[in-house]
Chemist: 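Below is the structure I would like to discuss, written out as structure tokens.
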Amino acid sequence: HVQLVESGGGSAQAGGSLRLSCVVADSSKNTKCMGWFRQAPGLEREGVAAIYTGGGDAYYADSVKGRFSMSEDNAKYTVYLQMDSLKPEDTAIYYCAARSLAVCAGHYPPTADFFPKWGQGTQVTVS
């Protein structure tokens, strides 16, 4: 049974930074494809980054490439999304998502229907 808990959202000025965290509670410790999504009012949920916990490079959407960085700390069962050079258009609710025993490669860009497990979301507001 996988549970995801996000934290780290908040408000930032344009050009500033925020770091989101997603703690993955999973007694099985299976490898996973982990994704970060965001959803702004009136828009569809957008996959912005994904990483396979078994190793390999992360994927980034063009809208965040060069500004956002996704990483994992397996010892802490946590994935992070470092967001730098924030823009007002980054304002959204950000969600962490997981699919156990699955690689991310071949599923880019990440789509919401690929991930069965979701966190509760955390608000990011950039002004």
Chemist: Scan for salt bridge (Lys or Arg N to Asp or Glu O under 4.0 Å) pairs involving residues 50-63, sequence neighbours excluded, and state none if there are none.
Modeler: Asp62-Lys65
Chemist: Which distance, rounded to the nearest 0.5 Å, do you find between the CG of Leu20 and the CZ of Phe68?
Modeler: 8.0 Å
Chemist: Looking at residues at least two apart in the chain, or sitting in another chain, which of them share a side chain to side chain contact (heavy atoms under 4.5 Å, CB included) with Ser85?
Modeler: Arg67
Chemist: Output all residues satisfying side chain to side chain contact (heavy atoms under 4.5 Å, CB included) with Ile93, sequence neighbours left out; order by chain, then residue number.
Modeler: Tyr95, Gln123
Chemist: Could you report the tightest heavy-atom contact between Cys96 and Met34, atom names first, then the distance?
Modeler: SG-CE, 3.6 Å
Chemist: What pairs of residues pass the salt bridge (Lys or Arg N to Asp or Glu O under 4.0 Å) test when at least one of them lies in residues 113-127, not counting sequence neighbours?
Modeler: none
Chemist: Mind checking who shares a hydrophobic cluster with Tyr52, ILVMFWY linked at side-chain heavy-atom distances under 4.5 Å?
Modeler: Val103
Chemist: Side-chain contact, heavy-atom cut-off 4.5 Å: Thr78 with Val24?
Modeler: no
Chemist: Considering all heavy atoms of both residues, which atom of Ala14 and which atom of Pro88 are nearest to each other, and what is their separation?
Modeler: CB-CD, 4.2 Å
Chemist: Check salt bridge (charged side-chain N to carboxylate O under 4.0 Å, His left out) between Glu46 and all other residues, then give those that pass, not counting sequence neighbours.
Modeler: Arg38
Chemist: Please name all residues satisfying ring pair (Phe, Tyr, Trp, His ring centres under 6.0 Å) with Phe37, sequence neighbours left out, ordered by chain then number.
Modeler: Phe115, Trp118
Chemist: Tell me every residue that passes side chain to side chain contact (heavy atoms under 4.5 Å, CB included) with Ala105, counting only those two or more places apart in sequence or in another chain.
Modeler: none
Chemist: When you compare the side chain of Met83 with that of Tyr94, does any pair of heavy atoms fall below 4.5 Å?
Modeler: yes
Chemist: Of all heavy-atom pairs between Cys22 and Leu4, which one has the smallest distance, and what is that distance?
Modeler: SG-CB, 3.9 Å
Chemist: Rounded to the nearest 0.5 Å, what separation is found between the CG atom of Leu43 and the CD atom of Gln39?
Modeler: 8.0 Å
Chemist: So how far is it from Asp90 CG to Ser63 OG, rounded to the nearest 0.5 Å?
Modeler: 7.5 Å
Chemist: Would you find more than 12 non-hydrogen atoms of other residues, nucleotides or ligands less than 6.0 Å from Glu89 atom CD?
Modeler: yes
Chemist: Between Thr122 and Gly9, is there a donor-acceptor pair closer than 3.5 Å when you use the side chain of the first and the backbone of the second?
Modeler: yes
Chemist: Show me the pairs that pass salt bridge (Lys or Arg N to Asp or Glu O under 4.0 Å) and involve residues 5-28, at least two apart or across chains.
Modeler: Asp26-Lys32
Chemist: Closest approach of Asn74 and Thr53, non-hydrogen atoms and distance?
Modeler: ND2-O, 3.9 Å
Chemist: Please report the shortest heavy-atom distance between Pro110 and Ala50, naming the atom on each side.
Modeler: CG-CB, 4.3 Å
Chemist: Can you name the side chain to side chain contact (heavy atoms under 4.5 Å, CB included) partners of Asp73, sequence neighbours left out?
Modeler: Ala75, Lys76, Tyr80
Chemist: The criterion is ring pair (Phe, Tyr, Trp, His ring centres under 6.0 Å); which residues satisfy it with Tyr59, sequence neighbours excluded?
Modeler: Tyr108
Chemist: Only pairs at least two apart or in different chains count here, so list each disulfide (SG to SG under 2.5 Å) that has a residue in residues 32-69.
Modeler: Cys33-Cys104
Chemist: Of all heavy-atom pairs between Leu18 and Leu86, which one has the smallest distance, and what is that distance?
Modeler: N-CD1, 3.8 Å
